Amino acid sequence: MHSNKFLLCILFCFLWGSFPVNAQILNIEKERLLPDSANYWMLNLGTSLSLYNRSALDDTPLRYTSVRGNLDVLRAGQKHLYLLLNQYSYLKINDAEFFNFGYTHLRSNLFWQRTLSYELFAQWQVDKLRGLQERYLGGAGIRWRLLDTPHHHIFVGMGFMAERERWQLSDASTRYEANPFFWKSSNYIHWRGQISPTVKTVMAVYYQTGYDESVSNFRHRLSGELHLNFPISQKLKFNTSFTASYESLPLIPITPFIYQFSQGLTLSL
């Protein structure tokens, strides 16, 4: 039980210790418990502030302000698990102010300790730097515990969701807009394991697809994350992560493939 709580704390540190890639599919597997933990609360609250004025020329000043915060709550009961994730960031460059990224994700995992369990989820999201003004989605699915050993846990999830988006982006000459509504298939595979006596890993791959009559084709989204951590000393651990996201047919002209690689240290006192 204590080792499970310790692993959960490490997983929450992954969320707090790295800046988000702003992917269109959120990875919620980092905030789950191992299958044998119950009657447990977890709260993660964090904030950060960045200020600088690194201007190249004296007559063209650049003043940059960035504020970011997150609040995550997990409740694992005997029968059901509930997860609430919130993250928001604000950006100001000189006199231009805008709320550029944020999401709220609510998920319930019913009968979560069974081999086959059920999920309900809802989400609101904004990513204005990539043109996403707002996204609303809700859905349901099943979660199957494919493998459950002392060192490896594999879960597969399959479900459907309804999604409404509003995209808007402008360049020097053109304004791009899209306001689609889709029914989508939402699927994932999650692996949490200990690949050596000291090295632990968390990996999740998400896949969503839906048919768009306007282009007579399916639109696909693929997102994945890989996290590794191992101890340097009794209280200090090294962690590394890679996150990537790909969108096959973006609704507006944005970069279809984005990624992030990060490394850091976790201190447990």
Side-chain angles (χ1 to χ4, degrees), residues 10-32 48 66 68 70 72 83 85-89 91 100-103 105 107 121 123 125-132 135 137 139 141 143 146 152-159 161 163 165 167 169 178 180 182 184-193 195 199-210 212 217-230 238-266:
I10 295 297
L11 298 180
F12 267 89
C13 287
F14 278 131
L15 179 68
W16 171 233
S18 61
F19 194 80
V21 129
N22 294 356
Q24 305 306 324
I25 304 176
L26 300 182
N27 179 9
I28 55 90
E29 292 302 325
K30 290 177 294 182
E31 280 58 66
R32 303 243 194 196
S48 65
S66 175
R68 172 177 166 236
N70 67 283
D72 307 319
L83 184 64
L85 306 179
N86 300 273
Q87 183 169 303
Y88 300 94
S89 64
L91 183 64
N100 65 309
F101 177 78
Y103 62 77
H105 184 94
R107 181 171 295 249
F121 56 90
Q123 179 181 312
Q125 184 178 2
V126 61
D127 188 357
K128 291 189 176 182
L129 291 180
R130 285 176 59 81
L132 179 62
R135 167 184 289 132
L137 64 87
R143 179 177 171 91
L146 183 63
H152 298 281
H153 308 271
I154 298 178
F155 298 89
V156 175
M158 296 171 286
M161 70 180 196
E163 178 185 70
E165 300 175 318
W167 293 83
L169 193 65
F182 295 117
K184 288 187 173 182
S185 170
S186 179
N187 313 278
Y188 64 84
I189 182 168
H190 165 230
W191 168 48
R192 181 182 290 128
I195 57 180
V199 179
K200 297 177 181 179
T201 182
V202 178
M203 183 188 74
V205 177
Y206 294 83
Y207 171 65
Q208 296 176 353
T209 185
D212 187 351
N217 203 345
F218 282 88
R219 296 185 182 271
H220 307 281
R221 283 181 184 153
L222 185 66
S223 179
E225 296 194 19
L226 175 64
H227 302 269
L228 297 171
N229 77 84
F230 59 87
F238 175 82
N239 57 71
T240 183
S241 66
F242 178 76
T243 303
S245 179
Y246 172 74
E247 193 157 351
S248 65
L249 294 172
L251 290 158
I252 60 176
I254 57 175
T255 304
F257 177 72
I258 55 178
Y259 68 90
Q260 173 185 303
F261 177 76
S262 63
Q263 295 179 327
L265 297 173
T266 299

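What you see is a predicted model; the values in this text were computed from it and never measured.
Partners of Phe238 by side chain to side chain contact (heavy atoms under 4.5 Å, CB included), not counting sequence neighbours, listed by chain and number: Phe230, Ile232, Thr240, Gln263, Leu265. Evaluation of the side chain to side chain contact (heavy atoms under 4.5 Å, CB included) rule for Ser185 yields Phe160, Asn187, Thr209 as partners, not counting sequence neighbours. Pro256 meets the side chain to side chain contact (heavy atoms under 4.5 Å, CB included) test with Tyr246, Pro250; sequence neighbours excluded.
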**OP:** Evaluate side-chain contact (heavy atoms from CB on, under 4.5 Å) for Leu249 paired with Asn217, printing each intermediate quantity in order.
**Re:** CA-CA 9 Å; Leu249 294 172; Asn217 203 345; 4.1 Å; yes
**OP:** Would you check, one step at a time, whether the test side-chain contact (heavy atoms from CB on, under 4.5 Å) holds for Arg130 with Ile258?
**Re:** CA-CA 11 Å; Arg130 285 176 59 81; Ile258 55 178; 3.4 Å; yes
Original post:
Taking it one step at a time, do Arg143 and His190 satisfy side-chain contact (heavy atoms from CB on, under 4.5 Å)?
Top reply: CA-CA 10 Å; Arg143 179 177 171 91; His190 165 230; 4.0 Å; yes
**OP:** Check the pair Leu228, Ile195 against side-chain contact (heavy atoms from CB on, under 4.5 Å), reporting the backbone distance first and the verdict last.
**Re:** CA-CA 10 Å; Leu228 297 171; Ile195 57 180; 4.3 Å; yes
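For the pair Leu251 and Ala178, the tightest heavy-atom approach, listed with the atom from each and the gap, is CB-CB, 4.0 Å. Heavy atoms only, all atoms of each residue included: Gly102 and Tyr88 are closest at CA-CD2, 3.7 Å.
With hydrogens and angles ignored, the 3.5 Å screen pairs a side-chain donor or acceptor of Thr201 with a backbone N or O of His227.
Ring-plane geometry between Phe242 and Phe261 is classed as tilted, the angle between the planes lying from 30 to 60 degrees on a 0 to 90 degree scale. Ring geometry for Phe101 versus Tyr103: interplanar angle over 60°, hence perpendicular rather than tilted (30 to 60°).
Taking CD from Glu165 and CZ from Arg135, the interatomic distance works out to 4.0 Å, rounded to the nearest 0.5 Å.
Looking only at atom types and distance, the side chain of Arg221 has no donor-acceptor partner in the side chain of Tyr206 under 3.5 Å away.
Side chains of Asp212 and Pro180 form no contact here, defined as non-hydrogen atoms less than 4.5 Å apart.
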